[in-house]
Number of protein chains: 2
Amino acid sequence: MSVTIRDIARKLNLSITAVSRALDGYPDISAATREKVRQAALEMGYVPNRAARQLRRQKTDTIGYILPVSSPQHTESFHTVFMEGMSEEAAIHRYDLLISTAPPSSPEEQSIYQSWIQSHKVDGMIINRIQLHDWRVHYLAGQLFPFCALEDSGDDLDYPRVEVANQAGMTALVQHIHQQGYQRPAFIGGPVNLKIQQDRLQGYLDGLQITGLPYDPLLVETSDLTGISGYLACQRLLSSNFPPDAILCINDDVAFGVMRAIHETGLRVGRDIAVTGFDGLQESGFTTPSLTTVEQPVHEIGRELIRILLAEIQNQSAIERLRRITPSLQIRESTQK
Amino acid sequence: MSVTIRDIARKLNLSITAVSRALDGYPDISAATREKVRQAALEMGYVPNRAARQLRRQKTDTIGYILPVSSPQHTESFHTVFMEGMSEEAAIHRYDLLISTAPPSSPEEQSIYQSWIQSHKVDGMIINRIQLHDWRVHYLAGQLFPFCALEDSGDDLDYPRVEVANQAGMTALVQHIHQQGYQRPAFIGGPVNLKIQQDRLQGYLDGLQITGLPYDPLLVETSDLTGISGYLACQRLLSSNFPPDAILCINDDVAFGVMRAIHETGLRVGRDIAVTGFDGLQESGFTTPSLTTVEQPVHEIGRELIRILLAEIQNQSAIERLRRITPSLQIRESTQK
DNA sequence: TAAATTCACTAAAACGTTTAAGGTAACTGG
DNA sequence: CCAGTTACCTTAAACGTTTTAGTGAATTTA
């Protein structure tokens, strides 16, 4: 078995209390003893047992995240970078990230939330891919359980979160498209109750208004955020009698599928028809032609979520509970004639 | 606070032992009592406290994985799907996945391993991106700590793992290239001590031998597995006096960068110069032109790793400890003249 | 009918920490 | 020189389970 606090105590002829407090740096242990204990702990390779500590402290030093997964194979590459950011920041604060998978709003998802929270598996949760009136927000807020969300559920509740200026980003894309001389931009969105869908669609509509471009409901298509669904949505758009000359996609993955579909018809992306993405994934710079997109600092967003959540857990009311992030327009070849 | 086993016991006038054993289905509790207890537990919303259970059982029902991260922003999309597969299979067995991040072979990585294992945070580890004579394999095997690895470290140790036929896959690519009439295939590999680098490079060399194509050391380049490094490596290859007419890449991400670099020189991928990837990421089907690659069932690999690891943890020696997986050649446009 | 066995349950210890409460010796101030 | 403080340490309880070793009653066996 591993070394426990008791072993150290026995070796140094101290009580386990003394050892525990020495290691935690309490002032009621003499400097000399503290040093001796630290030394011994190091030598003996002592590592505190997490379960015991958790049980006693009623804290887990772990934060939870549920990967939203729809169909197993098709996923948004967004997640990797996002999780890296989170786990990196968590590691800095000596917290761990606990992961599970569940389809959004499924019974599985609910039962994971219940079990994690009730069984004290995590000290806080990160919520991503928020929906309008998201049940998770209500549940967690109702339980007074610490959490931090990416985006707002539009419920007029005040909870800690990070918000990206999705709407403004999409509007900027429309304006850019307009400047480049495209006349008839379409929009391929995602599931209707997703917050980013609401925002980005609204940004598209705002953009049309500002630039004076016409709004045509036939130019608004839906995807499930994957490349394949983007591919199919694009085919539908292109087969219309009066097809668009630009396609704004809700994210980069959809845009990849769209570019593919356009390529297959023999049209040229950029010259014949503009395409834009959203997210700024690494791959977007390497497509042919390269993809104009709105780049979000996904890694940084992940880190910020953790930062805010940890402050929340530790009740540091000092820190701002709402962080707004402005994404940046990346103009590339897919929108050049 | 939440409902404990003690609350149920009090309510039903039973000992906590009886309640515990009833819930676990031991036969020394009468069926009637067992039913009453189950009912009460359900009504009261009882969820066992994980920390307490862990402390007593010396098990955590959690398995650990460290995301290998080199430079924060540039990551292989492989990981998302891989993690999804793992967490999905883990969830089925009611295990959780604990995640942290660390650069491969860094002191951070070592200290996470130490701390997780010594502090009993996890029951087993998954190892990915294995290197030759990987220290993790030696460490874990030395500690008799359960783990399961993707690929072999070439140490002649017998440990549970999943192996993908990387070498054969790469050889098949060379043969395909040769059939298509390309004469001078280059190879862009990765960090030299990475196992997949060894295997895929060897597969490339084998392919040359089998097809009778010439081997030229100048045609072997190195990347760090990212798109950008593939882009740069490709530029080096193309600027040589006697450039290749095909570029085999160690993975899809590198291939994306390569296609980009080729495009910028005005050459046409496929017609002028073939490109292949490895992994079969979703995006590889949507590039222009679409990318010939070797598709690994990444999701399934993740699941299989967990299956084997859990069997290991539970000492089910029945299950096979070595699973070989054959990837499949996906022939697409990037290798058509 | 007494001894042995089975059934259904309980008491108490244990897992490895943290912490509240307390104790003792040395030190301080008057 | 004695009461009060301080410095440093210890005892014991607690966190919520699981498990070992019983216990008493009912039932079976010889």
Side-chain angles (χ1 to χ4, degrees), chain A residues 1-38 40-41 44-62 94 115-123 314, chain B residues 1-38 40-41 44-62 94 115-123 314:
Chain A
M1 282 310 298
S2 4
V3 179
T4 78
I5 215 173
R6 185 163 268 114
D7 298 324
I8 302 181
R10 201 165 325 157
K11 179 165 177 190
L12 298 182
N13 256 321
L14 281 171
S15 70
I16 56 169
T17 306
V19 175
S20 171
R21 296 183 75 84
L23 290 172
D24 275 1
Y26 280 76
D28 61 355
I29 301 294
S30 74
T33 313
R34 188 157 51 227
E35 225 10 82
K36 259 196 312 194
V37 171
R38 288 225 170 106
M44 304 169 72
Y46 168 74
V47 178
N49 180 306
R50 300 290 282 251
R53 172 174 280 180
Q54 277 174 39
L55 181 57
R56 179 61 226 219
R57 281 208 188 141
Q58 305 285 59
K59 293 225 141 218
T60 65
D61 293 349
T62 302
R94 327 219 94 242
S115 127
W116 279 8
I117 290 167
Q118 307 239 4
S119 72
H120 301 276
K121 267 228 108 171
V122 298
D123 292 343
Q314 291 151 19
Chain B
M1 282 312 297
S2 5
V3 180
T4 78
I5 215 174
R6 184 163 269 114
D7 299 324
I8 303 182
R10 202 165 324 157
K11 178 167 180 188
L12 298 182
N13 256 323
L14 281 170
S15 70
I16 57 168
T17 308
V19 174
S20 173
R21 297 183 75 84
L23 290 172
D24 274 2
Y26 280 77
D28 60 357
I29 302 293
S30 75
T33 311
R34 186 157 51 227
E35 225 9 83
K36 258 196 313 193
V37 171
R38 287 223 171 109
M44 303 171 72
Y46 169 74
V47 178
N49 180 308
R50 300 289 284 250
R53 171 174 281 180
Q54 277 172 39
L55 180 58
R56 179 62 228 220
R57 282 209 187 141
Q58 305 286 59
K59 294 221 140 220
T60 66
D61 294 350
T62 302
R94 328 219 91 240
S115 127
W116 281 7
I117 289 167
Q118 308 239 3
S119 72
H120 301 276
K121 263 228 112 171
V122 297
D123 292 344
Q314 289 151 20

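Just the heavy atoms: all of them, side chains too, but no hydrogens, waters or symmetry mates, feed the values below. Everything numeric in this text was worked out from a predicted model, so none of it was measured. A note on names: the letters A, B, ... follow the listed sequences, proteins ahead of strands, and every chain is numbered from 1.
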What pairs of nitrogen or oxygen atoms, one from the protein and one from nucleotides 11-13 of chain D, lie under 3.5 Å apart?
residue : atom : partner  : partner atom : Å
dT11(D) : O4   : Thr17(A) : OG1          : 2.7
dA12(D) : N6   : Thr17(A) : OG1          : 3.1

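In this structure, the helix from dT1(C)-dA30(D) to dG30(C)-dC1(D) shows an angle of 50° between the axis at its start and the axis at its end, each fitted on 5 base pairs and rounded to 10°.
Remark: P of dT10(D) and CZ of Arg10(A) are 14 Å apart, rounded to the nearest angstrom. When the P atom of dT10(C) is taken as reference, atom CZ of Arg6(B) falls 14 Å away, rounded to whole Å. Straight-line distance from the NZ atom of Lys121(B) to the C1' atom of dG16(C): 16 Å, rounded to whole Å. Put simply, CZ on Arg21(B) is 12 Å from P on dT10(C), counting in whole angstrom units. Between the CG atom of Leu55(A) and the C1' atom of dT17(D) there is a distance of 8 Å, rounded to whole Å. Distance Tyr46(B) OH to dT18(D) P: 6 Å, rounded to the nearest Å. To the nearest angstrom, P of dG16(D) lies 13 Å from CD of Gln54(A). Arg50(A) places its CZ atom 20 Å from the C1' atom of dT17(D), with the value rounded to the nearest Å.
Remark: Arg57(A) is not in phosphate contact with dC15(D), judged by side-chain N or O atoms under 4.0 Å from OP1 or OP2. Phosphate contact (OP1/OP2 of dG16(D), side-chain N/O of Arg53(B), threshold under 4.0 Å): absent.
Each salt bridge (Lys or Arg N to Asp or Glu O under 4.0 Å) pair with one or both residues in residues 25-38 of chain B, not counting sequence neighbours, appears once here: Arg21(B)-Asp28(B).
In terms of position along DNA chain C, the nucleotide closest to Leu14(B) lies nearer the 5' end than the nucleotide closest to the other residue of the pair Ala52(A) and Leu14(B).
For the atom pair Arg10(A) CZ and Ser15(A) OG, the distance stands at 13.0 Å (nearest 0.5 Å). With rounding to the nearest 0.5 angstrom, the OG atom of Ser2(B) is 8.0 Å from the CD atom of Gln58(A).
Judged as a side-chain hydrogen bond (donor to acceptor under 3.5 Å, both in side chains), and not counting sequence neighbours, the contacts of Thr62(A) are Lys121(B). Residues passing the salt bridge (charged side-chain N to carboxylate O under 4.0 Å, His left out) test with Arg56(B), sequence neighbours excluded: none.
Against DNA chain D, the stretch residues 23-35 of chain A makes heavy-atom approaches under 4.0 Å through Asp28(A), Ile29(A), Ser30(A), Thr33(A).
Closest approach of Gly45(A) and Gln118(B) over heavy atoms only: O-OE1, 3.4 Å. The minimum heavy-atom distance linking Lys11(B) with Met44(B) is given by the pair CD-SD, 3.8 Å.
When each of Asn49(B), Val37(B), Val19(B) is tested with Ile5(B) by the rule side chain to side chain contact (heavy atoms under 4.5 Å, CB included), just one qualifies, namely Val19(B).
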Hey, mind stepping through Asp61(B) and Arg50(B) against side chain to side chain contact (heavy atoms under 4.5 Å, CB included) and telling me if it holds? CA-CA 9 Å; Asp61(B) 294 350; Arg50(B) 300 289 284 250; 3.5 Å; yes
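Checked by atom type and distance alone, the side chain of Ser20(B) never pairs as donor or acceptor with a backbone atom of Ile16(B) at under 3.5 Å. Between the Thr60(A) side chain and the Asp123(A) main chain, a donor and an acceptor come within less than 3.5 Å of each other.
Residue Thr4(B) is in sugar-phosphate contact alone, with no base atom involved, counting any heavy-atom pair closer than 4.0 Å across all strands shown.
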